[in-house]
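The chains referred to below are lettered A, B, ... by the order of the sequence lines, with proteins before strands, and numbering in each begins at 1.
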There are 2 protein chains.
Amino acid sequence: MATLKDIGIALGLSPATVSRALNGFPEVNAETRAKVKEAADRLGYRPNRAAQRLVTGKSGLVGMILDIQPDMSADQTFFEILTGLTAALANRDADLVLTVDQFDDPTTPYTRMIDRNLVDGFILNAPMPGDERIALLQELEIPFVVHGRSDPAADYPYYDIDNHAVPRDSVDLLTALGHRRIALLNGEAHFAFAAERDIGFQDAMSTYELPVPEAFVAHGALTENYGYTVALPMLAGRLGPRPTAVICASTLIAAGVLRAAQDMDLRVPEDISVIAHDDALPHTRARHFNPALTVTRAALRDACKPLANHLLDRISGAPASDLQTLVRAELIVRGSTGPAPLTEKDPWP
Amino acid sequence: MATLKDIGIALGLSPATVSRALNGFPEVNAETRAKVKEAADRLGYRPNRAAQRLVTGKSGLVGMILDIQPDMSADQTFFEILTGLTAALANRDADLVLTVDQFDDPTTPYTRMIDRNLVDGFILNAPMPGDERIALLQELEIPFVVHGRSDPAADYPYYDIDNHAVPRDSVDLLTALGHRRIALLNGEAHFAFAAERDIGFQDAMSTYELPVPEAFVAHGALTENYGYTVALPMLAGRLGPRPTAVICASTLIAAGVLRAAQDMDLRVPEDISVIAHDDALPHTRARHFNPALTVTRAALRDACKPLANHLLDRISGAPASDLQTLVRAELIVRGSTGPAPLTEKDPWP
DNA sequence: AAATTTATTCAAATCGATTTGGAGTTTTGA
DNA sequence: TCAAAACTCCAAATCGATTTGAATAAATTT
């Protein structure tokens, strides 16, 4: 494997000049630079990462630690993120080191990887309010970026969608259609995104002075099964008067709700409106549901580039405040939402 | 961060001695070694990976490139492997760099990662006969280990199960129970493991002088849906006389077959026997099927340690012939297999 | 007691890229 | 025309661990 010195010898130049030529420093003659590049190409030069790392103190590696849940509900999303992330990192010549969390304490794998001293920073996902991992990394002053936020007032780099607006936009649409009894099938309560959507939902409903009975807010994994099992008693009216609209945290949950509605002989959207948040995963297309699903849409894939870039910029010293991306999910109205049923047998409240 | 020199200064020793003391070389005084270890501990010494790598020429990183298929059938197995693999690598102080293949040519991501010059070797999975990736790595003399074999006569490090024996053991059991019309719902035909099982199945059947009509061997993804859709016409007798036993390439496929049998009002095992190969994934327990599933069992998790160790040994220079593990799946007879039905309305052939 | 081992330790070279502090040349400006 | 500025380029130091070749001290042998 050719080194900088080899190129220097071949061209009668010092390694310093060769290094500068290849790294685009201004103080090298254009002609020389061209010769150096040609020679590097010809000799098949590849910088030695270890040498670079030794002198720069950076490894070009970022870590990600997976907390694999038995229900494997996150698989689809995981692959989606992984694909985009590795591509975005490769664009900036960085790579991803992956480990699986097999400990009880969520911070253990982080301290272990930090001790092993091989990554420049971390990508965290699925933050929870008061997330211990974030506290740890902040204390150790190790660069990281979060997919999501542990708290709306996050002071670290992140990419997140406006989870407060997600249910609000849905409620706005539904109330405009005359709905007053609206249920929320949210994600698991310990995740920050779900907590934020709970708040957004409550806020929106109180804006319209609509009550939210306890039975109308559920938490669970983002699975079809959860949607089905929770919707069934709800739509059967076993939890009080049945909702005329259901807001789902994912399209899979909505699929479960649609199945439950079908089993109950309820028509969508005539009897019940369904709206979901859509991560735009490649193999669950809300548009192809029957009826086509009304959604708040924010493609998961969009998160990848900002996550990679924010982290790498942070590692290069950019201030956290410049590395915070908040996007608004797009409301897309399709066939699964319609006017509230006219025959209101159960006045509300 | 403390360095070897720091420890040397603190103890009045040279960095060379400190290095030897910590790395267990024999030529250092036991007393000195103890002092060095104590000091290293006290100063929180962590070897600088880049420096180690620069001088040893090894990175301590191994690469894995995922070819993510849209059907996402491999998810469960992927997480299982990932979990065990990262643990086994961590045991030997190595780490995993993961990338997703986003190219048409399967070798492209390998050449790219090789050019980026950061891993010591690769872990390959899902080999195909005449696998291009294997040819590339062999040509470049880059260490690798394969989960599976592209060919029974593989001359590289691997961990595999005896895929020839898998259907043979099943056929042995079924013929002993009197079955003569046996179908095979195999994996996708382009994978080496499926090809090998095809051969094992044909060989076993011809041992018993039993014919194998074309319609009795199917290939597809290891999904419940595939099992169901293929079994349905088979069990309906639409593809000729229906089989009395079905061998499935995975427990998920078997789940589909069981559902198809139920839909056709066929009892298992009275009307039809079902046997599957079982990867022993944590959340699909063959034992808890109804009826409990007869399987050839080889826990996927068992592959992880040998894979990691074979690769790391190969990187350290061990010969490939010492790094080949072949295991035999264990036949576990449960309730889904029984004597062939007595009333043979359709003599065979 | 002198010669030879053996046991410990050290100084210095090494890996390969980056970067600092100059040193020649050439160009520009007065 | 001469000094200052601008260009180019180089030598050498640096990052931190490993490893080679010696050197010193202690133990053993003759």
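Rounded to whole Å, atom C1' of C:dT14 lies 17 Å from atom CZ of B:Arg53. Between the CG atom of A:Asn29 and the P atom of C:dT25 there is a distance of 16 Å, rounded to whole Å. Taking atom CG of B:Leu54 as the reference point, atom P of D:dA17 lies 12 Å away to the nearest angstrom. Taking atom CZ on A:Arg46 and atom P on C:dG16, their separation rounds to 16 Å, with Å as the unit. The distance from atom CZ of B:Arg20 to atom P of C:dA7 is 15 Å, rounded to the nearest whole Å. With rounding to whole Å, B:Met1 atom CE is found 16 Å from D:dC15 atom P. Rounded to an integer number of Å, the gap from CG of B:Asn48 to C1' of C:dG16 is 14 Å. In this structure, the CG atom of A:Leu4 is 12 Å from the P atom of C:dT19, given to the nearest Å.
A close approach under 4.0 Å does occur between a side-chain nitrogen or oxygen of B:Ser14 and OP1 or OP2 of C:dC10. Contact annotation: A:Tyr45 side-chain N/O to C:dA17 OP1/OP2 distance is under 4.0 Å. Checking the phosphate oxygens (OP1, OP2) of C:dA17, no side-chain nitrogen or oxygen of A:Asn23 falls inside 4.0 Å.
Looking at heavy-atom distances under 4.0 Å, A:Gly8 makes no contact with the nucleic acid at all. As judged by a 4.0 angstrom heavy-atom cut-off over every strand, B:Glu27 is placed among the base-contacting residues.
Nearest nucleotide to the A:Thr32 side chain, out of C:dC10, D:dT8, C:dT18: D:dT8.
Note that the OG1 atom of B:Thr17 and the CZ atom of B:Arg33 stand 11.0 Å from one another [nearest 0.5 Å]. Residue B:Leu136 holds its CG atom at 5.5 Å from OG1 of B:Thr107, rounded to the nearest 0.5 Å.
Annotation: of the two residues near DNA chain D, A:Ala16 and B:Lys5, the 5′-most nearest-nucleotide partner is A:Ala16. The nearest heavy atom of DNA chain C to A:Ser19 and to B:Arg33 marks one nucleotide each, and the one closer to the 5' end goes with B:Arg33. Along DNA chain C, the nucleotide nearest to A:Gln52 and the one nearest to B:Pro26 differ in position, and the one closer to the 5' end is contacted by B:Pro26. Comparing B:Ala51 and B:Phe25 by the nucleotide of DNA chain D whose heavy atom lies nearest to each, the residue mapping closer to the 5' end is B:Ala51.
Taking the six-membered ring for Trp and thresholds of 30 and 60 degrees, B:Tyr158 and B:Tyr156 have ring planes more than 60 degrees apart, a perpendicular arrangement. Ring pair B:Phe79/A:Phe79 is parallel by interplanar angle, where below 30° counts as parallel and above 60° as perpendicular.
With B:Glu80 contributing its side chain and B:Ala299 its backbone, the two residues share no donor-acceptor pair below 3.5 Å.
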